[in-house]
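Taking it in order: structure first as structure tokens, then the write-up.
In this text the structure is predicted, and so the values were computed from the model without any measurement.
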Amino acid sequence: MAAVDSGYGGGFWPVWRATVQDYRSGAGARARARHGFLTPPEGRGRVVWIKAGGTPESLRLGVELVGAVRERRKDVRIVMTFENEDPDLLQTWMQPWRGVGVGYGPCDRPAVVRRVLRRFQPCGILLAESEPPSQLLHDVQVPVAAVGTPLPGAPVRVAWPLSAETQRAWESSGLATELMVPADPQARFTEAQADVVLRALAGGETRRLWWWHGEAQQWPAWLAAWRGAEFSGTDVLLASLESGAVLPQASLSASGWDRRKLPGGSILHLDDPRWFAAAASAAHAIHLAAPGRGALWQSLAAGAAVTLGAAGATRDPSLPVLARIPDVIEQWRGLRDDEQRRRGLGDAARRRFWEERRQVDANLTVLMDQVWTW
């Protein structure tokens, strides 16, 4: 969600509408934070401000950056702000580090920005997949590192693009003093171990599982094609939508599944991304019609036979692109009994995943080298 829509941008009315809504819902602390009434942790160390956005991916990245900064800089205080809270995520990944403050962040109104900078007096700012705060970047006099953010309206010290496409945009803009090699931090947060429980519940090796992931508007055409395949009555289709919406005509949803053995011809809706790891490990092959980041890296990490619906999702041409639905069905038909080919596709996927993860780790080291100088 863009900052201007969520009440974290610089627009007067969006900010005040969000403030009123906060107070009406009993979220007074969020409203006060939105207007910059924030206090850093106690202590005398300088402050590093990690500004996360409003998505779970942004919040997870922010937590990762908190840990990396704390490991490298014991002398600083750290503030991480976010726009949307995820208590489960914070409880799972946030450690009780000393000198770290976490909470809702401010909007980008001029008076609010001045108030926060006066209170924090940061020695540096890390933007963690947040919308570029134009007013903050205009006013701040300390180094800013933009990790996975869209192009800002003002220069930053370091930019870490997520993809080759955004890297080219940064290069053309000239807005970054230092530009890193593109890498998606989501690869670092992906489970890389297999879980065969789902495969066993679906019938083991005799009954194939196939996973399709796409957009809601792609589902009707895919469902019709799937039902026309001769193996759709015996195998099991795992299906998920990038939007997380309800999947029409699914047999059952994963969240309501009682773990009974799935009969042939079932369509299991993966209505929670936490099922993606199990699905990727169990699936005979996977087609990502809309290769969202979570589904993409989980599929590659599992070493599955992955095909993409569109090019550009990764930088590796060894991952096949099948834009036409009949081509995907034909691919799956050929893979049902061709284990050697399936393993070859899985090996290519796994190599691509580990290549990305190594680049993420390298970028994180370079970024912390920068933070060391702040």
(message) Within the 3.5 Å criterion, strictly below it, is a donor on Q370 or E178 matched to an acceptor on the partner's side chain?
(response) yes
(request) Would you tell me whether R30 and N84 have side-chain atoms, one donor and one acceptor, within less than 3.5 Å of each other? (result) yes
(request) Using ring-ring contact (aromatic ring centres under 6.0 Å, His included) as the criterion, list what pairs up with F82, not counting sequence neighbours. (result) Y104
(request) Ignoring hydrogens and angles, state whether a donor on the side chain of S240 or H269 is under 3.5 Å from an acceptor on the partner side chain. (result) no
(request) Would you give the length of the straight line joining atom CH2 of W49 to atom CD of Q121, rounded to the nearest 0.5 angstrom? (result) 13.0 Å
(message) Quiz question: by atom type and distance under 3.5 Å, do the side chains of Q331 and R341 form a donor-acceptor pair?
(response) yes
(request) May I ask you to test the W297-F353 pair for a side-chain heavy-atom distance under 4.5 Å? (result) yes
(request) Please report the shortest heavy-atom distance between A304 and A349, naming the atom on each side. (result) O-CB, 3.4 Å
(request) Name all pairs fulfilling the salt bridge (charged side-chain N to carboxylate O under 4.0 Å, His left out) condition that reach into residues 275-303, sequence neighbours left out, sorted by first residue then second. (result) E129-R293, D184-R293
(message) Is it true that Q135 and D139 share a donor-acceptor pair across their side chains at a distance under 3.5 Å?
(response) yes
(request) Starting from the C-alpha separation in whole Å, work towards a yes-or-no answer on ring-ring contact (aromatic ring centres under 6.0 Å, His included) for H213 and W219. (result) CA-CA 9 Å; H213 179 84; W219 171 245; over 10 Å; no
(request) For D271 and S255, test the side chains for any donor-to-acceptor distance below 3.5 angstrom and give the result as yes or no. (result) yes
(request) Check side-chain hydrogen bond (donor to acceptor under 3.5 Å, both in side chains) between W210 and all other residues, then give those that pass, not counting sequence neighbours. (result) D235
(message) Assess, by modelled atom type and distance only, whether the side chains of R227 and Q249 contain a donor and an acceptor separated by less than 3.5 Å.
(response) yes
